[in-house]
Number of protein chains: 2
Amino acid sequence: MKRVSPPNDLPAKNPECSPGDHGPSAVELRAQIDEHSCRLAAGIFRALGDPARMQLLTLLARQELCVSEIASALQDSLPAVSQRLKLLRSERIVTQRREGKHIYYALADQHIAELIANGIAHASEHFRDRRADASQPHAAGSPL
Amino acid sequence: MKRVSPPNDLPAKNPECSPGDHGPSAVELRAQIDEHSCRLAAGIFRALGDPARMQLLTLLARQELCVSEIASALQDSLPAVSQRLKLLRSERIVTQRREGKHIYYALADQHIAELIANGIAHASEHFRDRRADASQPHAAGSPL
DNA sequence: TCATCACTTAATAAGTTATGCAATTGATTT
DNA sequence: AAATCAATTGCATAACTTATTAAGTGATGA
């Protein structure tokens with residue numbers, strides 16, 4: 001990217017409302033954000049932010065499974081599933097456990113399980129009035 | 001070589017891995033995933049999966065703010081902030097409210113607020129002990 | 001009306017991420 | 001040791017995201 005810096009750079013140029021004329025000041029607000037936590041949390045959320053990975057995780061939410069079982073259940077290739085698991089592992093969302101030829105994966109902890117459950121729950125809640133996207137071979141049963 | 005400790009009440013089965021000859025069958029597993037919910041949930045998570053957007057959201061988690069206040073607090077340009085808000089709006093994560101010249105944004109609902117809080121909490125938790133974690137046995141009392 | 005403020009949208013360039021196939025590693029069986 | 005099975009890795013190409021500047025809305029007030 002080219003980022004041509006003007007002679008004297010103006011970091012937060014202030015074209016807007018004068019400070020303090022309404023609401024809390026930028027300084028007050030800045031004190032409230034923890035950049036590091038945000039970055040870590042965003043990493044986790046980004047890893048959860050893909051339909052294929054979410055499907056994989058809803059499987060693991062119920063039981064530990066090996067890679068082939070997952071690939072078979074999702075009707076996808078072994079390398080594709082393996083890549084997803086690698087990404088999830090890098091964010092500490094799933095854990096690995098070898099047993100002979102098989103490598104079993106499970107959700108890393110209860111916290112993650114709840115995060116996923118809440119995401120699904122929220123999505124299901126908004127399911128009724130979401131965007132018209134009607135072509136859905138829909139499995140009956142629980143929202144998950 | 002049998003499964004030493006089945007994490008759930010999985011039926012102990014033949015460890016060989018021909019399609020569907022151990023563990024739950026692909027058909028059984030497929031019945032457990034709701035593709036539509038996964039897609040919606042993934043959309044929300046993806047929107048949360050960016051550090052800049054998470055910072056923005058942690059601000060909104062505390063108070064309703066107008067675009068300029070956010071831009072000023074994050075020391076970022078108005079267009080950049082506006083684009084992020086547009087994306088978050090498209091996933092129904094934030095809501096808009098005009099008041100004169102200003103447009104105020106807030107988190108869409110309590111559910112979202114909890115999702116964000118949990119993500120940050122989880123991130124902070126792992127921040128404390130960030131060593132290569134060993135096998136923490138996954139109790140898997142299915143919350144889903 | 002015209003000017004200005006607060007914000008949004010457009011355009012496009014730069015970077016990032018996903019996908020599919022082939023090759024590879026690691027563990028077990030023969 | 002060789003063969004086989006389970007899973008991972010590497011790499012090239014395609015698809016998607018994000019940043020940045022400039023132009024465009026809509027509300028307010030002179």
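Note on naming: letters A, B, ... go to the chains in the order of the sequence lines (proteins, then strands), and numbering restarts at 1 for each one.
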* Check for a donor-acceptor pair, side chain of A/R53 on one end and backbone N or O of B/A42 on the other, with a separation under 3.5 Å. => no

* Partner of B/Y104 by side chain to side chain contact (heavy atoms under 4.5 Å, CB included), out of B/Q96, B/R98, B/E69, B/Q63 -> B/E69

* Rounded to the Å, how far apart are A/L88 CG and D/dT8 P? -> 12 Å

* **Interatomic distance, A/K86 NZ vs D/dT9 C1' [rounded to whole Å]** => 7 Å

* **Path from B/L65 to B/L87 over hydrophobic side-chain contacts below 4.5 Å** => no

* To do: Nearest whole angstrom, please: distance from the P of D/dG26 to the CD of B/Q96.
  => 13 Å

* **Phosphate-side-chain proximity, A/Y105 and D/dT8, N/O vs OP1/OP2 below 4.0 Å** => yes

* **Spacing between B/M54 atom CE and D/dT18 atom P, to the nearest angstrom** => 15 Å

* Asked: C/dA27 C1' sits how many Å from A/E99 CD, rounded?
  -> 13 Å

* Asked: Of B/K101 and A/G100, whose nearest nucleotide on DNA chain C comes first from the 5' end?
  -> B/K101

* **Partner set under salt bridge (Lys or Arg N to Asp or Glu O under 4.0 Å) for A/R39, not counting sequence neighbours** => none

Could you go through nucleotides 16-23 of chain C and list every protein N or O atom that sits under 3.5 Å from one of its N or O atoms, giving the distance for each pair?
from, atom 1, to, atom 2, distance (Å)
C/dT17, OP1, A/R46, NH1, 3.4
C/dA18, OP1, A/R53, NH1, 2.9
C/dA18, OP1, A/R53, NH2, 3.4

* Distance, nearest 0.5 Å, that separates CG of B/L74 from CD1 of B/I70 -> 7.5 Å

* When you look at A/E91 and A/R89, which way does the salt bridge (Lys or Arg N to Asp or Glu O under 4.0 Å) test go after all the steps? -> CA-CA 5 Å; A/E91 290 294 337; A/R89 225 166 55 223; over 6 Å; no

* Rounded off to whole Å, could you give me the CD1-to-C1' distance for the A/I103 and C/dT25 pair? => 10 Å

* Separation of C/dT28 P from A/R98 CZ (nearest whole Å) -> 7 Å

* Nucleotide C/dA6, atom P - distance to NE2 of B/H102 in whole Å -> 5 Å

